[in-house]
Structures are given as structure tokens and as C-alpha cells.
Amino acid sequence: MTPPRALATPHPRTTTRTSSRFTRVLAGVAAAAALVVGGVSAAVPAQAGVNPYMTYEGSSVNSANVPATTVDISTLTGVKFDRGTYYVNDVVQGGSIGGVALAGNYYAGEGEVDLTGLYGSVKVVAKLYSGKYMVQSVTKYLRAVPIVTNTIPVGFPTADTTGVPAWVTLTPSAALDVWTPGAVLDGLDVQGCLSVHVPDVTVRNSRITCTDETLRAVSLTDAPGFVMEDSEIVSDGSAQVAIGWGGYTLRRVEIRGTQDGPRLGDDVSISDSYVHGLVRHDGVHTDAMQSTSGSNIVVRHNTLDPRQDGSDDFLNSAVQLGTETGPQRLENALFEGNFFNGGSYSVNVSCSANVTNVVFRGNAYGHGNRYGAAIANPGVTFTQDRWVDTGNLIKVAPAC
């Protein structure tokens, strides 16, 4: 069983410039903004080629979640400036924009913005000066949210309440290929992947550590009635999917280190489990759970957060439904009483998803997402889904 997750510390109230981080921001901008052609540096517009932009910790602030405390915001523009001042909701800030440096053909400066006590949409204006003249005014809107931590609210699954119980002594095992119907695997430390080809197999009090470059860490083929409980599925980023595709039940299972968590096909039930610490690979939109098609799905009282501790990568979503579904259908799916966090949106139901009776009910959301709690097509029902800290109902952004 893994030790409890360390709590991420809130973004500190900064009074001294973090010059090394700002240097990294400038280096990234320079790499994106300049191209050497015949030995001459030529502008390659990324975001600032046409429009100036602002970043918080290296990502655009446009409609993004930024913790409601004092934060450092960088403004980048093609217009030469040497200083500036930030305004929040048209009120001048005490700090000024300084440390202006040239990155490629773009000028970047950083200053403190105090969002303390604010919540929701916030207007941030950077007034930029060259000498005694104002040369540009840059306006952006961000979303101020309570300080984001990776703390899991009391009552939701954690590493302490999922996975192999502390009192269990595991027996080492090689990779397993199961062909005996009704087999029970209990107390195993499987160093390899698990493949099941027959019905009604049970895995309990066991750890599956799959480090092969494979599609599924736990592969179910013609294996209805598969049950895994009080167990772990672990990878080092090699396995693409934790478990799939259908006909299975997970109870009190901890999943970490795969590229994607469980894939949800037909007849899937997942409860009291913890999916976290997933690994991004090129071409993979990493999700704690995903379904492109399926039916009779119940996901109840789980903690789903694809992010890794200490990383600023939001990854894709806690729940992704309907990616590249085409004519396939997702129906009779219930997501109830879960804690969702991370992702660009924590819940993302694509516009192309062909859905019938897909319901999100009574779920709680953290503020560790990039743009908001949920984005979905109009065929999905959300009932009493709320922000975990304020208790306010979430707003579901339209996917189409």
C-alpha cells in the first residue's frame, strides 16, 4: 500500500521575485517565439504574434483558474516596454511590472497581482510604459478560485482506504495469464501484467505492477464477472490503460502510473476506488476514466484525479466520455457521489458523444482543473454537482 499523499502547499504570498522561474518562462517563450533562418532570428508567433497574452506559472490566464491569493503574472507582447502596472477589476495594484526582458522578438515582464478575497471572473489589465509614455494596455480575464491543494476531502477514497490492506503479506508472482473459470487470486504481488480469458475470476488483496509497453495492465477478454477488490494496479507509464474493457467490478482499488485509468465498456461497476498520478505520453489525452461506448455503467464514490503530485500538468480530465465515438453509443451510465479534480475540465463529454441516460449526480469538484468543472453536450444530465469547498452548484460549459 502506498503511503498517504503529501499535501501540496498553497501558492505562497510572494514578496521577492522568483527569478529562476521567470528565467524558465522567458526561455520557453524564446523557444516558441524565435526561429533561426540563415543565422537570423525571425519571429514565429505563438500566442503573442498577433495578441499579447498573460501567463500564470507558464500557462495562459485566459478563463483559467488562478488561486485567490497574491500571484505572479507575466505579460508578454511584441511591443517594447520597460515597466508597467497591473489593475484588478479596474483597481490599481501596489506592485509593478518589472524585470522586463527580451525573449526572441517579444518583451516579457512580471509583477504581483493580489486576488485575495476574490471569486469568479476577474478582469486584469496591464498598462505598459516605455519611458514616460504608456505604449499598450493589455486586458485579460481569469477565474479566481480558492487556493488549490491536492487535499482529498474527508470521506472520499485515498491511498489509506484503497489498495492492499496494510496487514496483508504479499506473495511474489510473475505475470499471470488466467484460463481457469472462477479462479481466485489472493495476496499476490504480481510483477507483470494480468490477462484474463475466462468468466468469474476474482482478484483480492493483490498488487499488479505492469511495466510492459502494453495496451492494458489488466486485460479482460471474454471474461465477464471479473472482480478486483482491495488491490492495486501500478505502472511506470508503460501500460496505456489500467483495465478494460467491460464486464468487470472494482472495489477499493488504487490505480496509479498508467497512461489512462479504467476504460468503461459494457457492464462496469467501480466504487470506493482511487485513480491518480497518471502519466502523459505523446498523443494520449490522459484521463482517470474514459469511455467511447458502453452501457450499464455505475461509477460511485471514487476519487478521480489524473494529476501527479508536484506537477503543473492538469492532464485531460477525471472523466472523458465520447472521444471519437462516431456512431457508437454510450447509454445508462451513472456517475454518483464522486470527487473529481484535475484536467482541463474535470468532466468532459464531447459534442460528438452519442449519449442516452448519462447522469452525473451529487458529485463534488476540486479547483485543480484548468478551465472549469465540466463541459458537456446537452444530452447529459447534471444534478446537484457542487464545488467541494463552497457548496455552490457547478456551471457546465456547453461542448457544442
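Partners of D230 by salt bridge (Lys or Arg N to Asp or Glu O under 4.0 Å), not counting sequence neighbours, listed by chain and number: R252. Contacts of D90 classified as salt bridge (Lys or Arg N to Asp or Glu O under 4.0 Å), with partners at least two apart in sequence or in another chain: K123.
What you find for P306 and F314 is that their closest heavy atoms are CG-O, 4.2 Å. In terms of heavy-atom proximity, G372 sits nearest to W387 at C-CH2, 4.4 Å. Closest approach of A144 to A68, counting heavy atoms only: CB-CB, 4.3 Å. When all heavy atoms are compared, the tightest approach of S206 to G187 is OG-N, 3.2 Å. When all heavy atoms of H367 and P146 are compared, the closest pair comes out as NE2-CD, 3.5 Å. Considering all non-hydrogen atoms of both residues, G342 and N369 come closest at O-CB, 3.6 Å.
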Start with the C-alpha distance between T55 and S74, add both sets of side-chain angles, then the distance that settles side-chain contact (heavy atoms from CB on, under 4.5 Å), and finish with yes or no.
-> CA-CA 5 Å; T55 64; S74 299; 3.4 Å; yes

Residue pair D313, R307: steps toward the salt bridge (charged side-chain N to carboxylate O under 4.0 Å, His left out) verdict = CA-CA 7 Å; D313 189 346; R307 301 171 301 163; over 6 Å; no

Go through the steps for D287 and S317 under the test side chain to side chain donor-acceptor pair (under 3.5 Å), then give the verdict.
-> CA-CA 5 Å; D287 309 295; S317 66; 2.6 Å; yes

Taking it one step at a time, do N338 and H301 satisfy side chain to side chain donor-acceptor pair (under 3.5 Å)?
-> CA-CA 4 Å; N338 303 284; H301 194 245; over 6 Å; no

Test D212 against S238 for side chain to side chain donor-acceptor pair (under 3.5 Å), laying out the working first.
-> CA-CA 6 Å; D212 294 346; S238 299; over 6 Å; no

Go through the steps to decide whether H285 and Q290 satisfy the test side-chain contact (heavy atoms from CB on, under 4.5 Å), and finish with yes or no.
-> CA-CA 10 Å; H285 51 78; Q290 183 186 152; 3.6 Å; yes

I would like to know whether I97 and T85 meet side-chain contact (heavy atoms from CB on, under 4.5 Å); could you show each step before the answer?
-> CA-CA 5 Å; I97 303 170; T85 302; 5.9 Å; no

Just do the side-chain contact (heavy atoms from CB on, under 4.5 Å) check on Q240 and T214 with the steps written out, would you?
-> CA-CA 6 Å; Q240 293 182 35; T214 185; over 6 Å; no

Which is it for T292 and Q328 under the side chain to side chain donor-acceptor pair (under 3.5 Å) test, yes or no, and what are the steps along the way?
-> CA-CA 7 Å; T292 57; Q328 301 178 82; 4.6 Å; no

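Cluster membership for Y274 and V241, using ILVMFWY side-chain heavy atoms within less than 4.5 angstrom, is not shared. Note on Y86 and V122: same hydrophobic cluster, where clusters join Ile, Leu, Val, Met, Phe, Trp and Tyr whose side-chain heavy atoms are under 4.5 Å apart, directly or indirectly. A continuous path of Ile, Leu, Val, Met, Phe, Trp and Tyr side chains, each step under 4.5 Å between heavy atoms, connects V124 with V100, placing both in one hydrophobic cluster. A chain of hydrophobic side-chain contacts below 4.5 Å, direct or via other Ile, Leu, Val, Met, Phe, Trp or Tyr residues, connects L118 to L142. V279 and V275 fall into different hydrophobic clusters, where Ile, Leu, Val, Met, Phe, Trp and Tyr side chains are chained together by heavy-atom contacts under 4.5 Å.
Rounding to the nearest 0.5 Å gives a distance of 12.0 Å between CZ of R256 and CG of D236. For the atom pair N296 CG and S269 OG, the distance stands at 11.0 Å (nearest 0.5 Å). Atom CD of E229 is separated from atom CG of L250 by 10.0 Å, given to the nearest 0.5 angstrom. With rounding to the nearest 0.5 Å, the separation of CG in N205 from OG1 in T171 is 11.0 Å. Note: D305 CG to F339 CZ = 7.0 Å, rounded to the nearest 0.5 Å. Rounded to the nearest 0.5 Å, atoms NZ (K80) and CG (L128) are 14.0 Å apart.
The pair R361-D385 fails the salt-bridge criterion, with no side-chain N (NZ, NE, NH1 or NH2) lying under 4.0 Å from an Asp/Glu carboxylate O.
In this structure, F360 and F382 have parallel ring planes: the angle between them is below the 30° cut-off, well short of the 60° mark. Ring pair W179/H197 is parallel by interplanar angle, where below 30° counts as parallel and above 60° as perpendicular.
The side-chain heavy atoms of H276 and L278, taken from C-beta on, include no pair separated by under 4.5 Å. Using a 4.5 Å cut-off on side-chain heavy atoms (C-beta onward), V298 and V268 make no contact. Two residues are said to be in side-chain contact when any heavy atoms from C-beta on lie closer than 4.5 Å; L264 and I270 meet this criterion. Inter-residue side-chain proximity for Q136 and F81 is flagged as unmet; no heavy-atom pair is nearer than 4.5 Å. A heavy-atom distance below 4.5 Å is found between the side chains of V66 and L115. A heavy-atom distance below 4.5 Å is found between the side chains of L330 and V358. With contacts defined as side-chain heavy-atom distances shorter than 4.5 Å, the pair L176/L188 qualifies. Annotation: side chain of R204 is not in contact with side chain of P165 (no heavy-atom distance under 4.5 Å).
Side-chain atoms of N363 come within 3.5 Å of backbone atoms of F335 as a donor-acceptor pair (strictly under, hydrogens ignored). Checked by atom type and distance alone, the side chain of N357 never pairs as donor or acceptor with a backbone atom of E331 at under 3.5 Å. Checked by atom type and distance alone, the side chain of D266 pairs as donor or acceptor with a backbone atom of S295 at under 3.5 Å. Under the 3.5 Å distance criterion, the side-chain polar atoms of S219 are left unmatched by any main-chain donor or acceptor of S195. Remark: side-chain polar atoms of R83 are paired, donor with acceptor, to backbone N or O of G131 under 3.5 angstrom. In terms of modelled atom types and a separation under 3.5 Å, the side chain of R216 and the main chain of G244 share a donor-acceptor contact. E232 contributes a side-chain N or O that, together with a main-chain N or O of V164, makes up a donor-acceptor pair within less than 3.5 Å. Looking only at distances, a side-chain donor or acceptor of K140 sits under 3.5 Å from a matching main-chain atom of P52. When atom types are taken as modelled, the side chain of S350 and the backbone of G322 share a donor-acceptor pair closer than 3.5 angstrom. Between the N302 side chain and the S273 main chain, a donor and an acceptor come within less than 3.5 Å of each other.
Each ring pair (Phe, Tyr, Trp, His ring centres under 6.0 Å) pair with one or both residues in residues 118-144, not counting sequence neighbours, would appear here, but there are none.
Taking the six-membered ring where the residue is Trp, the centroids of Y248 and F226 are separated by 6.0 Å or more.
Residue N392 qualifies as enclosed at atom CG: its count of foreign heavy atoms under 6.0 Å is above 12.
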